[in-house]
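One structure is given below, encoded as structure tokens.
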Amino acid sequence: MIESLGARFRALPFEIRQYLLITGNYWAFTLTDGALRMLVVLHFHQLGYSPLEVALLFLFYEAFGVVTNLVGGWLGARLGLNRTMNLGLGLQIVALGMLMVPSAALSVPWVMAAQALSGIAKDLNKMSAKSAVRVLVPKDSANAGSALYRWVAILTGSKNALKGAGFFLGGALLTWIGFRGAVIAMAVMLAVVLGLSLLRLKADLGRGKRKPKFTEVFSKSRAINVLSAARFCLFAARDVWFVVALPVFLYDQHGWSHWTVGGLLAIWVIGYGGVQTQAPRLTGLVKGGPRFVTAFWALALAGLPALLALLPLAEVGWLVAGLLAFGVLFAINSSWHSYLIVHFARADGVSMDVGFYYMANAMGRLAGTVLSGWLYQMHGLSVCLWVSAALVAASALMALALPGQRHMA
């Protein structure tokens, strides 16, 4: 059976084979990344860390992602996306190795350093995967724009479904084999994936025709700059209540177990990823150019956290229902944004535009993560939700500065 699958894989067109390899690589990385985040949140909160202290454990994870996307996009254009992707896998293995030390050695600075490496690894891997799609998608098709949107939606949606599975895996592994056993198991899995990636990925994938200067990573495109600012607000709006505040609220206020918290967030992210794969159909229901479509879906999302903030959060049913509805609309917004960046990016040196955009994404996650811990500790979940609504509304306003021409999908 394995030989038959191998023969079918080799019979596929080269671009499809490379796309599948990149997607599989991205899947494996994302599974461990989601599991590690849930492990760190639950394990260190159990050890007595406050919500703000837990959030600060991720400070370097997000902060280094900002720098990584800038430098990584430039390196991808100069060296090839396969090298930056494999470098990301290798760094994640090192980060997991740092967390294998005995519990007594897991000091805050040590965990923050491990998370810094993990943040670098994640953004190298993601930037490489998203940029590679633009390089590999067939360009001679009459529906090249639609094909690009579909490929991006499948990659992004499947990645987020795996990230959700990672949340569940993290909670389950913490229950079954403990923190140290979990990170050892994940490091072994990634080492196998890295070996396959080194053997099979094309050597010069995504390498630019010329050697770009580092200053070129700062985009001169108005569309990319506006989209990046909107992305910052969008992801800060998600993480300001989702990353620390929500799991700690469910654990503390409703008495949920690690398994239950991890399971809910897993279901949310898996469903979110599933919706993303269908985003081309859903966004097609709203006719118009990038400006109108982006603003429309952002405004639709902005009302949800505001509504949740007005509802009695002691009733967990309202919270779960609102969380699921937020996931659907956020998935549509995220997938549409992910398509627009690869659509607006330069054909030669796409990784630099994508890297700049995901730098803004990382800055949004950084701001949202820190605010999630601080606002929850000082004011509770309702304030986190109001801030989320304001950030999404700001994203909608920024979208009005995007180009108004009709999109290609």
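Note: hydrogens, waters and symmetry copies are ignored here, and every other heavy atom, side chains too, is used. Computed from a prediction, not measured in an experiment: that's the story for all the values here.
- Without hydrogens or angle criteria, Ser335 side chain to Ala331 main chain gives no donor-acceptor distance under 3.5 Å.
- We find the CG-NE2 distance between Leu234 and His337 to be 5.0 Å, quoted to the nearest 0.5 Å.
- Here the closest non-hydrogen pair linking Arg291 and Ala399 is CG-O, 3.4 Å.
- Between the side chain of Arg238 and the backbone N or O of Arg365 there is no donor-acceptor pair closer than 3.5 Å.
- With rounding to the nearest 0.5 angstrom, the OG1 atom of Thr30 is 9.0 Å from the CG atom of Asn25.
- The shortest side-chain heavy-atom distance between His379 and Leu375 falls under the 4.5 Å cut-off.
- Of the candidates Val244, Val383, Val248, Tyr376 forms a side chain to side chain contact (heavy atoms under 4.5 Å, CB included) with just one, namely Val248.
- Note: Leu169 CG to Trp176 CH2 = 7.5 Å, rounded to the nearest 0.5 Å.
- Side-chain N or O atoms of Thr175 include one that pairs as donor or acceptor with a backbone N or O of Gly171 at under 3.5 Å.
- A donor-acceptor pair under 3.5 Å is absent between the side-chain atoms of Ser197 and the main chain of Val193, judged by distance alone.
- Contact of the Thr369 side chain with the Leu59 side chain is not registered, since no non-hydrogen atoms from C-beta on lie closer than 4.5 Å.
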Subject >> Stepwise side chain to side chain contact (heavy atoms under 4.5 Å, CB included) check, Asn361 with Asp123 >> reply: CA-CA 10 Å; Asn361 189 99; Asp123 282 295; 5.7 Å; no
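- The nearest pair of heavy atoms linking Leu190 to Ala28 is CD2-O, 3.8 Å.
- The heavy-atom pair separating Leu99 from Leu106 by the smallest distance is CD2-CD2, 4.0 Å.
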Subject >> Trace of the side chain to side chain contact (heavy atoms under 4.5 Å, CB included) decision for Phe249 with Trp256 >> reply: CA-CA 9 Å; Phe249 179 81; Trp256 286 25; over 6 Å; no
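- Taking the six-membered ring where the residue is Trp, Phe58 and Tyr61 present perpendicular rings, their angle passing 60° and hence far from 30°.
- Taking every heavy atom of both residues into account, Ile22 and Met85 meet most closely at CG2-CE, 3.7 Å.
- Counting heavy atoms from C-beta outward, Ser334 and Phe235 have side chains that approach closer than 4.5 Å.
- In this structure a side-chain-to-backbone donor-acceptor pair under 3.5 Å is missing from Trp241 to Val387.
- Rounding to the nearest 0.5 angstrom, the gap separating the CH2 atom in Trp336 from the CG atom in Leu282 is 12.0 Å.
- Taking CG from Leu227 and CZ from Arg222, the interatomic distance works out to 12.5 Å, rounded to the nearest 0.5 Å.
- In this structure, Phe44 and Tyr49 have perpendicular ring planes: the angle between them is above 60°, well past the 30° mark.
- Looking only at distances, a side-chain donor or acceptor of Asn333 sits under 3.5 Å from a matching main-chain atom of Leu329.
- Residues Trp268 and Phe242 form a side-chain contact, since some pair of their non-hydrogen atoms from C-beta on lies under 4.5 Å apart.
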Subject >> Stepwise side chain to side chain contact (heavy atoms under 4.5 Å, CB included) test for Arg180 and Ile184 >> reply: CA-CA 6 Å; Arg180 189 164 182 264; Ile184 291 173; 4.3 Å; yes
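- Counting heavy atoms from C-beta on, the side chains of Leu250 and Thr260 never come closer than 4.5 Å.
- The nearest pair of heavy atoms linking Ser388 to Val240 is CB-CG1, 3.6 Å.
- Using modelled atom types, no side-chain atom of Thr84 and backbone atom of Leu124 make a donor-acceptor pair closer than 3.5 Å.
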Subject >> Residues Met398, Ser228; criterion side chain to side chain contact (heavy atoms under 4.5 Å, CB included); working and verdict >> reply: CA-CA 10 Å; Met398 292 173 186; Ser228 297; over 6 Å; no
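- Gln115 contributes atom CD, which lies 10.5 Å from atom NZ of Lys122 (distance to the nearest 0.5 angstrom).
- For the pair Asn125 (side chain) and Ala121 (backbone), a donor-acceptor distance under 3.5 Å is absent.
- Closest of all the heavy-atom pairs between Asp33 and Ser118 is OD1-OG, 3.9 Å.
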